[in-house]
Amino acid sequence: QVQLVESGGGLVQPGGSLTLSCAASGLTFTRYAMAWFRQAPGKEREFVAAFSRRTGSTLYGDSVKGRFTISRDNAKSTVILQMNSLKPEDTAVYYCAADAGVIVSQMRFQSGYEHWGRGTQVTVSS
């Protein structure tokens with residue numbers, strides 16, 4: 001059974017940094033594309049970043065490009081989201097997602113991912 005467990009959320013001031021982790025189990029980690037999405041209150045879930053297993057390339061949502069970095073530690077079956085220069089509009093629940101068969105053109109969409117974590121809250125406020 002695939003399990004994704006996010007951690008690292010919390011309260012941070014604008015301009016600050018936070019690192020989120022997603023620990024995966026029950027899967028062959030290197031065979032899965034991994035992604036982060038977020039959902040703010042009253043808004044739809046939004047693509048944040050993804051790491052393609054096939055190409056090794058990374059994708060970012062326009063609102064986080066240049067500020068967030070996704071990486072993966074295959075030895076620990078963990079995907080990491082480093083978030084810098086945080087803004088109040090980054091406040092959301094952040095979700096980790098995984099899928100073995102998602103193609104690059106679908107990686108920005110929720111429908112591309114079969115497995116999801118329960119999320120971790122990130123609040124950016126002074």
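Two residues are said to be in side-chain contact when any heavy atoms from C-beta on lie closer than 4.5 Å; Asp90 and Arg67 meet this criterion. Residues Pro14 and Leu86 form no side-chain contact, since every pair of their non-hydrogen atoms from C-beta on lies 4.5 Å or further apart. Counting heavy atoms from C-beta outward, Tyr113 and Val102 have side chains that approach closer than 4.5 Å. Residues Val2 and Glu114 fail the side-chain proximity criterion, which asks for heavy atoms closer than 4.5 Å.
Summarising the geometry, atom CD belonging to Gln110 is positioned 13.0 Å from atom CG belonging to Asp99; distances are rounded to the nearest 0.5 Å. Taken to the nearest 0.5 Å, the CG atom of Leu18 stands 9.5 Å off from the CG atom of Leu11. Within the model, atoms CD of Glu46 and CG of Asp62 stand 9.0 Å from one another, a figure rounded to the nearest 0.5 Å.
Arg118 is linked by a salt bridge (Lys or Arg N to Asp or Glu O under 4.0 Å) to nothing, counting only residues two or more places apart in sequence or in another chain. A search for salt bridge (Lys or Arg N to Asp or Glu O under 4.0 Å) contacts involving Lys43 returns nothing, not counting sequence neighbours.
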Acceptor/donor pairs from residues 75-83 side chains to any protein atom, 3.5 angstrom cut, sequence neighbours excluded:
residue	atom	partner	partner atom	Å
Thr78	OG1	Lys76	O	2.9
Gln82	OE1	Thr19	OG1	2.5
Gln82	NE2	Asn84	OD1	2.9

List, one per line, each side-chain donor-acceptor pair under 3.5 Å for residues 21-32, sequence neighbours excluded.
none

* Evaluate the criterion side-chain hydrogen bond (donor to acceptor under 3.5 Å, both in side chains) for residue pair Ser63 and Glu89; output intermediate values, then yes/no. => CA-CA 9 Å; Ser63 61; Glu89 51 263 44; over 6 Å; no

* Given side chain to side chain contact (heavy atoms under 4.5 Å, CB included), test Leu20 with Val122 step by step and report yes or no. => CA-CA 9 Å; Leu20 304 184; Val122 172; 4.0 Å; yes

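Contact detail for Arg38 and Phe68: the closest heavy-atom pair is NH1-CE2, 4.1 Å. Taking both residues in full, the closest heavy atoms of Tyr60 and Ile70 are given as OH-N, 2.9 Å, listed atom of the first, atom of the second, then distance. The two residues Met34 and Ala98 come nearest to each other via the heavy atoms SD-CB, 3.5 Å. The nearest pair of heavy atoms linking Ala92 to Gln121 is O-NE2, 3.5 Å. Val104 approaches Ser52 most closely through the heavy-atom pair CG2-OG, 4.2 Å. Closest non-hydrogen pair, Thr58 versus Phe51, comes out as CG2-CD1, 3.6 Å.
Between the side chain of Thr91 and the backbone N or O of Thr123 there is no donor-acceptor pair closer than 3.5 Å.
Within the structure, salt bridge (charged side-chain N to carboxylate O under 4.0 Å, His left out) contacts touching residues 4-14 (residues at least two apart or in different chains) do not occur. Judged as a ring pair (Phe, Tyr, Trp, His ring centres under 6.0 Å), not a single pair has a partner in residues 74-109 (not counting sequence neighbours).
Ring centroid separation for the pair Trp116 and Phe37 comes in under the 6.0 Å cut-off.
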